[in-house]
Amino acid sequence: MRTAALGPAQRAESLAEMAERELDILVVGGGVVGAGTALDAVTRGLSTGIVEARDWASGTSSRSSKLIHGGLRYLEMLDFALVREALKERGLLLERLAPHLVRPVPFLYPLQHRGWERWYAGSGVALYDGMSMARGHGRGLPLHRHLTRRQALRVAPCLKKDALVGALQYYDAQVDDARFVAALVRTAVSYGAKAANRARVTGFLREGERVVGAKVQDVEGGGEYEIRAKQIVNATGVWTDDTQAMVGERGQFHVRASKGIHLVVPKDRISSTTGLILRTEKSVLFVIPWGRHWIVGTTDTDWDLDKAHPAASSADIDYLLEHVNSVLAVPLSRDDVQGVYAGLRPLLAGESDATSKLSREHTVAHPAPGLVVVAGGKYTTYRVMAKDAVDEAVHGLDMRVADCVTEEIPLYGAEGYRALWNARARIAAETGIHVVRVEHLLNRYGSAAQEVLALIAADPALGAPLRSADDYLRAEVVHAASHEGARHLDDVLTRRTRISIETFDRGTRSAREAAELMAPVLGWDEGQIEREVQHYEKRVEAERESQRQPDDLTADAARLGAPDIVPL
């Protein structure tokens, strides 16, 4: 493996090198599926490039419920194959691929009916555990257990006594979704892939009916590139139809967007040692532990407005508060909400009933020679989607290609993570950084935490926390720009860290300090620092305004009040 720093020099070199010689595979889209596809392709020995119009994971892949799960509710739909597949992937991520980023999380399911509900729900959870163990990748999680009402209230004192007659507790896993994607991209680069974010595909190159490449605009520098590839994989999620339209081919399926919003509230607002899963009239509602916070979500509503910045309306927020408050002894208010984020799920919607039934499953198609499309699916099964996409692309390559090996490839930062975790007290003593801070770094970067510690060793001032977001060290902001591909202030405050949803000011008080730390790495002058801060502040104000609006239409209009691109 080579080094995998996603700094400004690497980005410029990648764009130039992708344009110099034909690639085997060009991936369009830098979400979890696109990044996974790039890793799959490059580790089969294929020359691979990946481009993303905005930031890595800036769409759906940074706005999920941040769960790695088998989909317990899909058992009720009798979709055993999907659950079995997802449970295998959950186990691989926990045990082998990303133990530094994916970790167990307990959930309590309150029972509201005596007798039949415990049997019914208990059977489902027992099957869930059994399917996980049968795959050979579930032994790292505790088995479910049945609780009386008194036992349930002991682990979750936040619940109303009359909201349950008992409970079940089971385990799934969670992940920082945006950081996971950054790790995927870095892993692909370490094996030789070329990667560039802020590089927008504006059209495709054709020779007759065959797609032979893409026209790519450098959104930062303004240059235009023609990148030729034997096969192109369209992994653009909710933008699939838009990307497909550039080719002029009629799609075999369509992707519709379903909006899901989440609220972030401080840990002390909900007294519980476990997450919660609650039934709603449409689906389920999660209350998910998230460091010093809880994530409450999600909704599921059609969205046909701006895809880049889906907006949460006042009605969305009220919906979540109403449902979670139905079981809480001390209800949450709007004042308790620190952060709000909205994301779009890419759901398959075909021209026939059979295709529509795919829903949370994924599909792969070859709509034109040289072009593969992958769409649908869920975050947990990204690796399977990537494998299927590359398998399809390989059919169009006139060469012998190795089988997928990503089941055996740890993500960047995974190798050596457990050994460093065991040595965290020694690392703290050697570096002078408190052991709690070392644990924080290891759980965000794994063994790549050594890169952050090296920055602090070179400049001890970077070992101090950010003044208005003291969960994060100043070095992490520098590292985001020098190693993780962050190009703008929004990239750092929203995705490389979660300051934008973990502070009541939504990151505005940290904006200038963070911009000043990024400036030397990215070559910003005082004028650019000011533009970055102003752009971020306008974005936050537009989001706040959208969350005061009564419906999607007015919320979308308010959110569009902030510019999309930071001026240079």
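Heavy atoms only: backbone and side chains are in, while hydrogens, waters and symmetry mates are out.
- When all heavy atoms of Arg11 and Arg198 are compared, the pair lying nearest together is NH2-O, 3.1 Å.
- Geometrically, Lys259 does not engage Tyr341 in a cation-pi contact defined by less than 6.0 Å to the ring centre and at most 45° from the axis.
- Ion pairing of Asp176 with Arg103 is absent here, as no side-chain N (NZ or NE/NH1/NH2) approaches a carboxylate O to less than 4.0 Å.
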Hey, can you pull the donor-acceptor pairs under 3.5 Å for the side chains in residues 461-474, sequence neighbours left out?
| unit_1 | atom_1 | unit_2 | atom_2 | d |
| --- | --- | --- | --- | --- |
| Asp471 | OD1 | Arg292 | NE | 3.2 |
| Asp471 | OD1 | Arg292 | NH2 | 2.8 |
| Asp471 | OD2 | Arg292 | NE | 3.3 |
| Asp471 | OD2 | Arg292 | NH2 | 3.4 |
| Tyr472 | OH | Arg498 | N | 3.3 |
| Tyr472 | OH | Glu502 | OE1 | 2.8 |
| Arg474 | NE | Ala461 | O | 3.3 |
| Arg474 | NH1 | Glu513 | OE2 | 2.8 |

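- Electrostatic pairing of Arg96 and Glu408 counts as a salt bridge here, judged by a charged N lying under 4.0 Å from a carboxylate O.
- Atom-to-atom distance recorded for Glu543:CD and Ser500:OG is 7.5 Å, nearest 0.5 angstrom.
- A salt bridge between Lys215 and Glu226 is absent, with no side-chain N of the basic residue lying under 4.0 Å from a carboxylate O of the acidic one.
- With respect to the salt-bridge test (charged N to carboxylate O, under 4.0 angstrom), the residues Arg487 and Glu220 qualify.
- Applying the salt bridge (Lys or Arg N to Asp or Glu O under 4.0 Å) test to pairs two or more places apart or on separate chains, those with a residue in residues 439-459 are Arg186-Glu451, Arg424-Glu439, Arg444-Glu476.
- Between His479 and His483, the angle of the ring planes stays under 30°, which puts this pair in the parallel group of the 30/60° scheme.
- Side-chain atoms of Arg559 and Ser546 form no donor-acceptor pair, as typed in the model, at a separation below 3.5 Å.
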Under 3.5 Å, sequence neighbours excluded: what are the donor-acceptor pairs made by side chains of residues 392-404?
| unit_1 | atom_1 | unit_2 | atom_2 | d |
| --- | --- | --- | --- | --- |
| Glu392 | OE2 | His366 | ND1 | 3.1 |

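- Counting only N and O atoms by type, the side chains of Ser14 and Gln10 include a donor and acceptor under 3.5 Å apart.
- For Ala428, the side chain to side chain contact (heavy atoms under 4.5 Å, CB included) criterion is met by Val435, Val438, not counting sequence neighbours.
- Between the side chains of Ser64 and Asp177, at least one donor N or O sits under 3.5 Å from an acceptor N or O.
- For Val33 against Ala386, the heavy-atom pair with the smallest separation is O-CB, 4.3 Å.
- No donor-acceptor contact under 3.5 angstrom links the side chains of Ser447 and His100, judged on distance only.
- Across every non-hydrogen atom of Ile409 and Leu97, the tightest pair is O-CD2, 3.4 Å.
- Shown are Arg506, Arg496, Arg495; of these, the salt bridge (charged side-chain N to carboxylate O under 4.0 Å, His left out) with Asp490 is made only by Arg495.
- There is a side-chain donor-acceptor pair under 3.5 Å between Arg531 and Gln528.
- Applying the ring pair (Phe, Tyr, Trp, His ring centres under 6.0 Å) criterion to Tyr382, with sequence neighbours excluded, gives Phe180.
- Distance CE/Met246 to CZ/Arg206: 13.5 Å, rounded to 0.5 Å.
- Listed by chain and number, the residues in a ring pair (Phe, Tyr, Trp, His ring centres under 6.0 Å) with His69 amount to none (sequence neighbours excluded).
- The two residues Ser510 and Asp505 make their nearest non-hydrogen contact at N-OD1, 4.5 Å.
- A salt bridge links Glu530 with Arg512: the distance from a Lys NZ or Arg NE/NH1/NH2 to an Asp or Glu carboxylate oxygen falls below 4.0 Å.
- For the residue pair Ser47/Asp24, the side-chain donor-acceptor check at 3.5 Å is satisfied.
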